[in-house]
Amino acid sequence: MASWSLEQVEAIAPTPAAFTAARPLATPTRWVGLGADGEALWGSCRGSGAEPYDTIVDHVGVGFSCTCPSRRRPCKHAIALLLLWANGQIADTLAPPSVAAWLAARKVSDTRRVSDTTTTSTPSEPTPTRDSIPAEEVPSGEAGEDRAPGVVVSDAVGEVSDTAPDEIGETPDRDRARNERVERMFAGLAELDRWLDDRMRTGLADPALASYGTWDQLAARLVDAQAGSLANRIRRLAGLVGASPGWHSDVLAELGLLHLLSQAGRRLGSLPGPLADAVATTVGWQVRQADVLGGVPDTDEWVVAGRSDTREDRIEVRRHWLRGQRSGRWALVLSFAAYRQSLDTSLVVGTSVAADLHRYPGPALRALVGERHADPIDPARSPSVDIATACDEVGSMLVAEPWLDRIPFTASAAVAVDGARFVLVDGTGSLPLLGGGRPFATLLAVAGGGVVDVTCEWTPHGVVPLTIHLADRSIDWGPGADDSFVSAA
Amino acid sequence: MTTSMNVTVQEAWSRLVAAAMLGTDRRDPPDPSDVIAGLIADVVDDTVRSSPSERMLAQVAAMVAVRRAGVLPGPVLPRAAGPPPDSRPVCIPAATDRWHHLVSSWPVLEDEWMLTLIANGWRLPPELIPEVLARHRRDPIRRARAEVAGGPLVGWLVGHLPAFAAPQASNARLDPSAEAIGELPALPIPPDLEPLLRAPGSETARALVGGLASGALGISHRAVLVNLLSRMRSDALVEVATALQHVDPSSVGYPLASVLEDLARTRHRMLDELLTTPQT
């Protein structure tokens, strides 16, 4: 039995990004029950969901079946299975009954040729699978494994796919899929609330909270329920347990926000439009990139005021904070990189770029960069405010969306000592600075007792300095990505 | 912020945390009318929520929203007093960028960068000081240079952040002599290459290009050739770099020639940036 070549496997991938996403999965350690025969390949891929994804590939008639939530066919699991086979890493064996049954069913329905789980192309002449596959929103799936450069995915404010509108399948299929997804999400939110209720009953002193499994199992179920953003939030929350002397307060606050989101998510229909959009995307509902880019652009001279990188699960997340010089409005541009991928380096802190930004639905800060009208200008400074105004701005955003974890501001302030901690201070008040180490020392050295313009991220735990704006340059000192994990220059 | 019961939001939150620690199986949640007033009490006072745990969750969610939205500035505090003034100008941004390039690609040039900066009346940019101090924490000579280059700001910074002070290990307590601080460290260069340190650029270029082309100088000589280019007379650098640039790409010596050309050009630019006259 001759296996496919790598080129044939690459040709069958619906997008280059899908092929890239499949590569990390093409290792036998991620799979159980691998097997192949003259007609099919099969195996179960362990992902971040509660159950492994059962994948079957008909390599003769060319069709795919997978229990993962992705609606893209072939999904990355099927491509990974083909890659394993092409690399000679799948042994020939007898097909299990489930595989034989699936193949038999395919033969019966062969006249239809096109279904939700099959494509009709051949490896040598791959028909663009997008034409026949309802590739609507790409689900959150395995916490970002569908993500690739160009496919911008957010854990905080929803997710998008890189699929264009003309790639959508027939409307009834789309509506059915959407309804199924809504049902799954609502079920997930109901389960989340039951879980939260259990936490309130047994208390934060419950030893079960110290076990990561307690959180991870819930997160996996939320992934399956298409609420990937909440799943990420749960996993981050697990890291708070025992992390500080006041962890009980931090965890309780986050549980309260999760309750807020689950309640709001189950009442989406009765919420005002912008709030409903914000809740939906925060829970994990996806917005297609094409839809965002099709919206009315927000054109301005955008100052790249700050940057911060954080590792979330297996994905490095880069946040660029932009501020319109004319409008004064903030925007957030996200980029993501998995292991050995590259983060977006097209936005340079301290420059300004005349560009169209396309904002996501609702009051969210998140936006995509559309057309750029000119080369970046260097140096550029974000308009600054005093501490009291910065607090007002942050509070206003939190009134609209209490679950926001990071909010930017640029303030003109000095550094002062308040007991054992340092604070940003001016004539209107003070804000505690978070963290220490070299970035903080840099702020202290540059300020040197004077006033500097500094762009910060407000977080519930304190203020993180990102950028110091000087007359002739800006110093980007935001938290940086691990160079050994991703390329982030 | 206080409630109508004169209980601060912080006190109310502390009560909720205490109740949440035990869990509602063992303790009822605080009475909402005790801890939350006004609109929030209306939200929480929901008869649909029958179980204690549900009421607790509602209280927690409402209180978190209130606490988050009520971001208020802390008290006005006196600024930290600034460091004593330093009349020297900060080196130009290009020189700062060059330092970053040196420490990642050509650390052999870092000593010369720092000494040239000091000798020409520049001072370290403030943003570089924490990095330089951290980098040379255990090297008394280089740390002493950093203190000179950084000026009074170094002592001021260490006063605020003692983590940047020199360690108290025995080697760090050595008081380096002024000569050691002001001199470039000697680099090993074999006797047959030593004359090139003082030779005109044309002669050095001829010797290097010839040696690389003939194979007399190869990758095994890389370290000493790097040392040579790091210490040779600076007015020969451009000529040597140009000659290295024209080494035949198909020759065996081309890769090493490219590396050495980069070093020569980097050092030339470094000195160019630091030898300009400060505008005070």
Side-chain angles (χ1 to χ4, degrees), chain A residues 193 196-206 248-249 252-257 259-260 263 387-388 390-392 394-396 398-399 402 414-418 422-423 425-432 436-438 440-442 444-451 458 460 468 472-473 475 477, chain B residues 13-14 16-27 29 51-83 92-93 96 124-131 133-134 150 153-154 156-157 160-161 163-164:
Chain A
D193 236 11
L196 292 170
D197 197 67
D198 287 344
R199 300 284 74 78
M200 291 300 106
R201 283 196 309 97
T202 57
L204 299 179
D206 183 354
H248 297 98
S249 173
L252 185 64
E254 190 62 25
L255 295 179
L257 291 174
H259 176 65
L260 213 56
Q263 290 289 315
I387 294 289
C391 289
D392 283 347
V394 170
S396 300
L398 286 168
V399 166
V415 179
V417 184
D418 181 17
F422 288 87
V423 298
V425 67
D426 66 7
T428 66
S430 58
L431 275 173
R438 222 172 296 168
F440 178 69
T442 302
L444 194 61
V446 173
V451 173
W458 172 91
I468 306 162
D472 57 348
R473 65 196 189 283
I475 304 168
W477 274 113
Chain B
W13 176 251
S14 297
L16 276 176
V17 173
M21 288 275 285
L22 289 175
T24 55
D25 281 353
R26 282 181 279 184
R27 177 192 281 188
S51 73
S53 54
E54 287 176 335
R55 292 199 302 277
M56 180 77 178
L57 261 180
Q59 280 195 53
V60 170
M63 186 64 86
V64 170
V66 168
R67 292 182 79 222
R68 284 205 162 192
V71 179
L72 291 173
V76 177
L77 297 166
R79 294 181 196 170
I92 60 175
T96 307
L124 274 180
E127 69 266 27
L128 223 53
I129 289 177
E131 205 164 345
L133 291 180
L153 184 55
V154 173
W156 178 85
L157 186 69
H160 283 292
L161 299 171
F164 286 88

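The sequence lines fix the lettering, A, B, ..., with proteins before strands; numbering per chain opens at 1.
The minimum heavy-atom distance linking Phe422(A) with His160(B) is given by the pair CZ-O, 3.9 Å. The two residues Ser430(A) and Pro75(B) have their closest heavy-atom pair at OG-O, 2.7 Å. The shortest heavy-atom contact between Ala416(A) and Pro78(B) is CB-O, 3.2 Å. The heavy-atom pair separating Gly449(A) from Arg79(B) by the smallest distance is O-CD, 3.5 Å. Shortest non-hydrogen contact noted between Ser249(A) and Trp13(B) is OG-NE1, 2.7 Å. Here the shortest heavy-atom pairing between Pro73(B) and Ile387(A) reads CB-CG2, 3.9 Å.
If you take CD on Gln263(A) and CG on Leu57(B), they are separated by 8.0 Å, rounding to the nearest 0.5 Å. Atoms CE and NE2, on Met21(B) and His248(A) in that order, are 3.5 Å from each other to the nearest 0.5 Å. From Glu131(B), atom CD reaches atom OG1 of Thr442(A) across 7.0 Å, with rounding to the nearest 0.5 Å. One distance of note links OG1 of Thr24(B) with CG of Asp197(A); it measures 7.0 Å at 0.5 Å rounding. Note that CG of Leu252(A) is 10.5 Å distant from CD of Gln59(B), once rounded to the nearest 0.5 Å.
Among Ala65(B), Ala20(B), Gly82(B), Gly150(B), the residue making the largest number of heavy-atom pairs under 4.5 Å with chain A is Ala20(B). When each of Leu444(A), Val446(A), Val451(A) is checked for heavy-atom pairs under 4.5 Å with chain B, Leu444(A) comes out on top. The residue among Gly450(A), Gly395(A), Ala441(A) with the most heavy atom pairs within less than 4.5 Å of chain B is Ala441(A). For the options Val394(A), Val415(A), Asp206(A), heavy-atom pairs under 4.5 Å to chain B are most numerous at Val415(A). With chain A as the partner, the residue from Ser53(B), Ala69(B), Ala61(B) showing the most heavy-atom pairs under 4.5 Å is Ser53(B).
Contacts of Arg201(A) with chain B are made by both backbone and side-chain atoms, with heavy-atom separations under 4.5 Å. Proximity to chain A (any heavy atom under 4.5 Å) is shown, for Leu77(B), by both the backbone and the side chain. Both the backbone and the side chain of Val399(A) come within less than 4.5 Å of a heavy atom in chain B. Neither the backbone nor the side chain of Asp198(A) comes within less than 4.5 Å of any heavy atom of chain B. Only the side chain of Val64(B) comes within contact range of chain A, with heavy atoms under 4.5 Å apart. Only the backbone of Thr428(A) comes within contact range of chain B, with at least one heavy atom under 4.5 Å from a heavy atom of that chain.
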Verdict with reasoning, Arg68(B) to Leu257(A), per side-chain contact (heavy atoms from CB on, under 4.5 Å): CA-CA 10 Å; Arg68(B) 284 205 162 192; Leu257(A) 291 174; 3.4 Å; yes
Residues Cys391(A), Leu72(B); criterion side-chain contact (heavy atoms from CB on, under 4.5 Å); working and verdict: CA-CA 6 Å; Cys391(A) 289; Leu72(B) 291 173; 5.9 Å; no
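Using a 4.5 Å heavy-atom cutoff, the side chains of Val60(B) and Leu255(A) are not in contact.
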